[in-house]
Amino acid sequence: MQFTGAVVRDRRFNFAVAIVRPTVLRSTVEATKVQLAFAPVFRGMPLVLMAQDEVGTPTFHGRADLVEILKHTNLDQVHWKVYSSS
């Protein structure tokens, strides 16, 4: 499975963010399954899932401190790339 994601380097943390469909974030169980499936790609880094609505407003699922960092990050400046997960 391919997905778009990025590694974010903050002064305090290095973590990953992966873009998912909004339906994934509607269920905590489903979001956790996707996090576990994508986690090996990022070699143990904390992972936040992100979905965007029709106008591009993001919603996040993950550790609260990392979500807070992403809320204040210009997502257009993040270096997104396509990853493959088995």
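For clarity, every value in this text was computed on a predicted model and none was experimentally measured.
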Discussion item. Looking at Ile69, is its backbone amide N or carbonyl O close enough to the side chain of Thr73 to form a donor-acceptor pair, meaning the two atoms are under 3.5 Å apart?
Written reply: yes
Practice prompt. Would you give the length of the straight line joining atom CG of Leu70 to atom CZ of Phe15, rounded to the nearest 0.5 angstrom?
Written response: 4.0 Å
Worksheet item: Should we count CZ of Arg63 as having more than 12 external heavy atoms under 6.0 Å?
Response: yes
Worksheet item: For the residue pair Thr4 and Val82, what are the closest heavy atoms and their distance?
Response: OG1-CG2, 4.2 Å
Using distance only, find each side-chain donor-acceptor pair of residues 32-48 under 3.5 Å and give its atom names and separation, not counting sequence neighbours.
residue	atom	partner	partner atom	Å
Thr32	OG1	Thr28	O	2.8
Gln35	OE1	His61	NE2	3.3
Gln35	NE2	Leu47	O	2.7

Item to complete: Evaluate the side-chain contact (heavy atoms from CB on, under 4.5 Å) criterion for residues Phe13 and Val8: first the C-alpha distance (whole Å), next the side-chain angles of each, then the deciding distance (0.1 Å), finally the verdict.
Response: CA-CA 8 Å; Phe13 303 105; Val8 176; over 6 Å; no
Response to the item:
Between Phe3 and Ser84, the two heavy atoms sitting closest are CE2-C, 4.5 Å
Worksheet item: Between Val67 and Leu49, is there a shared hydrophobic cluster once you connect ILVMFWY residues whose side-chain heavy atoms come closer than 4.5 Å?
Response: no
Discussion item. Hydrophobic clusters here meaning ILVMFWY residues chained together by side-chain heavy-atom distances under 4.5 Å, can you tell me if Trp80 and Val24 are in one?
Written reply: no
Discussion item. Quick check on His72: does its NE2 atom have over 12 non-hydrogen neighbours (other residues, nucleotides or ligands) under 6.0 Å away?
Written reply: yes
Practice prompt. Group every Ile, Leu, Val, Met, Phe, Trp and Tyr by side-chain heavy-atom contacts under 4.5 Å, then state whether Met50 and Val20 land in the same group.
Written response: no
Worksheet entry | Pro22 to Ala51 - nearest heavy-atom pair and separation | CA-CB, 3.6 Å
